Amino acid sequence: MDDEKLTRAEAQGLRYAKELEGHVSWLDSFTAAALGVLAVASGIYTYLGVSSLLDDNGALSFFAAVSYSIAVSVGIFVFWSYLMRLLPAVRTMGARIGLFVSMLLGSLAIIAMSSWLNAAALAGAAAVEQHLARTVQDYQTALERSNEITISAQGLGRDVARVRQSFEDLSEQEATGDLSGLAGRGAVFRVLRQKSDELAGLERQIASQQPLVNAAFTEGNAILSRMRSLTVEPGPIEARSVQFSEEAVRLAGVITQLRQLSVAPLVSRAAQDLSASVILPELDGRTAENRAGQQSTISSVLQLLGQRADTLRIAADGVMAMEPPSETIYTPISTADAVIRYAENFVPSWAGAIAIDLLPAVLVFILAITQAAIRSGKSRVGVEDTLTLAELRAALNAVQDVEHSLRGSETWTPAPPRKPEITPEIKPVPSEVKPDKQA
């Protein structure tokens, strides 16, 4: 009963192996053609990627790109053909590991010489547009930051106006005699007016910068608008990149101009000079007591002047301490470099570029698994049991052909028939007859 079950299992395994062999034979009829199509497609995209890297459009560059793409196609076809034949056929673990490592190294080589160029052909223009869009964002950030710093510096005009107004109010008090006790436009009045006039000039200078700041910021936004349109408008990306580069140069000049329009350094220097450069008039009091009062008032004014100057200087230094915008420089980039730099944004394109080169690896694994299943189905069956009727008929025909060829040969003589060997009959030796004692 056990032998019958074993025989039945062997027969099922043999039928299973024969069925798989039939499928593999049918698939082999077009596998090479399919592999050739994949290799040619990869070569075409490789040609497009190589062409984007070559600056010269002459005949030599054309033949160089074609030669490289043909070499890639042939290399891919030969590499995967070797593996499809050899990896499923080997049986030892050492050979399988060696071929698997070879497949990994070859796959990396294919990615290095072809896949990234395929990705450049698939998503190169989009990657360059992504680079332009990122550059626009950087320039916009720099423009807004420069304008913010400049506007903050323009805000120092209010601090200057407040200090100037305080000195004008003090001068009016001095004119009525409420400050030093001496009415009129004496020495104290002239000191206060001197500093209020200086601050008024600084205030006018700050106010004159405002239209320039507004014009520069408006021009910068207009340039940014043109740069944004260049990132999305139709047409060759190379031509748009040239126009984008020209606009980027103009925008960099506007950003520099905005930084130079900041009045914070001017206010800081004016605050230092406010208390350091004071022209003291001659005391004009009629009596020594009046002159002493004027001197005391002027000393108080100078002390107040120093305090207001420190306030202005601290405010100006705070504006100058603001973090400046990062320097933005547009660098033209090729499609291949753009695809590599912004690879995280083009995962589907990278997947397609790699899949077209490494898809045969899946076929290699399928064949290896199938061949292992076929060998497993035949492992318990002898060779004589695996012969089909057609194979047996072909074997018999081959034997007959050999016999006919041997009979037709002049040097062939049939071997004489062997006579059967006759073994002589061995008779038993008769035992010696002993005489009868009684006789």
Side-chain angles (χ1 to χ4, degrees), residues 16-53 64-124 126-127 335-336 339-340 343-344 346-378:
Y16 173 62
K18 290 296 182 181
E19 182 181 357
L20 291 178
E21 284 180 341
H23 293 318
V24 171
S25 298
W26 181 78
L27 294 172
D28 283 341
S29 62
F30 61 86
T31 299
L35 183 59
V37 171
L38 289 175
V40 171
S42 178
I44 292 174
Y45 281 105
T46 301
Y47 167 78
L48 296 176
V50 173
S51 300
S52 65
L53 295 178
V66 170
S67 301
Y68 188 86
S69 62
I70 292 176
V72 168
S73 298
V74 173
I76 291 175
F77 182 81
V78 172
F79 174 73
W80 291 119
S81 297
Y82 270 61
L83 286 175
M84 283 185 181
R85 290 294 179 182
L86 299 179
L87 186 58
V90 297
R91 299 189 179 187
T92 63
M93 184 58 66
R96 291 176 183 175
I97 294 175
L99 287 178
F100 183 74
V101 172
S102 300
M103 185 175 69
L104 290 180
L105 295 177
S107 299
L108 293 176
I110 289 174
I111 293 174
M113 71 180 182
S114 174
S115 297
W116 70 286
L117 293 173
N118 296 347
L122 288 172
T335 55
V339 167
I340 294 175
E344 69 278 2
F346 300 96
V347 174
S349 298
W350 271 99
I354 294 175
I356 198 174
D357 290 334
L358 302 187
L359 179 60
V362 181
L363 304 181
V364 172
F365 287 125
I366 292 175
L367 283 176
I369 295 171
T370 304
Q371 292 293 346
I374 292 174
R375 287 194 292 266
S376 175
K378 293 182 177 180

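If you're wondering where the values come from, they're calculated on a predicted model, not measured in any experiment.
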Just to verify, what does [X] make a side chain to side chain contact (heavy atoms under 4.5 Å, CB included) with, not counting sequence neighbours?
{"X": "Val74", "answer": "Ile70, Val78"}
{"X": "Tyr68", "answer": "Thr46, Val50, Val72, Met113, Leu117"}
{"X": "Leu27", "answer": "Phe30, Thr31"}
{"X": "Ile340", "answer": "Trp116, Trp350"}

Gap separating the [atom1] atom of [X] from the [atom2] atom of [Y], nearest 0.5 angstrom:
{"X": "Trp80", "Y": "Arg85", "atom1": "CH2", "atom2": "CZ", "answer": "15.5 Å"}
{"X": "Ile110", "Y": "Ile356", "atom1": "CD1", "atom2": "CD1", "answer": "12.0 Å"}
{"X": "Ser81", "Y": "Ile76", "atom1": "OG", "atom2": "CD1", "answer": "11.0 Å"}
{"X": "Thr335", "Y": "Leu48", "atom1": "OG1", "atom2": "CG", "answer": "10.0 Å"}
{"X": "Ser73", "Y": "Ile44", "atom1": "OG", "atom2": "CD1", "answer": "7.5 Å"}

Listing, residues 87-106 side-chain donor-acceptor contacts under 3.5 Å, not counting sequence neighbours, or none:
from   : atom 1 : to    : atom 2 : distance (Å)
Thr92  : OG1    : Ala95 : N      : 3.3
Ser102 : OG     : Gly98 : O      : 2.9

Side-chain donor-acceptor contacts of residues 35-43 below 3.5 Å, not counting sequence neighbours, with atom names and distances?
from  : atom 1 : to     : atom 2 : distance (Å)
Ser42 : OG     : Ser114 : OG     : 3.0
Ser42 : OG     : Asn118 : ND2    : 3.3
Ser42 : OG     : Asp357 : OD1    : 2.4

*At their closest point, which heavy atom of Ser115 faces which heavy atom of Ala353, and how far apart are they?*
O-CB, 3.4 Å
*Within-4.5 Å side-chain heavy-atom neighbours: Leu122 and Tyr45*: yes
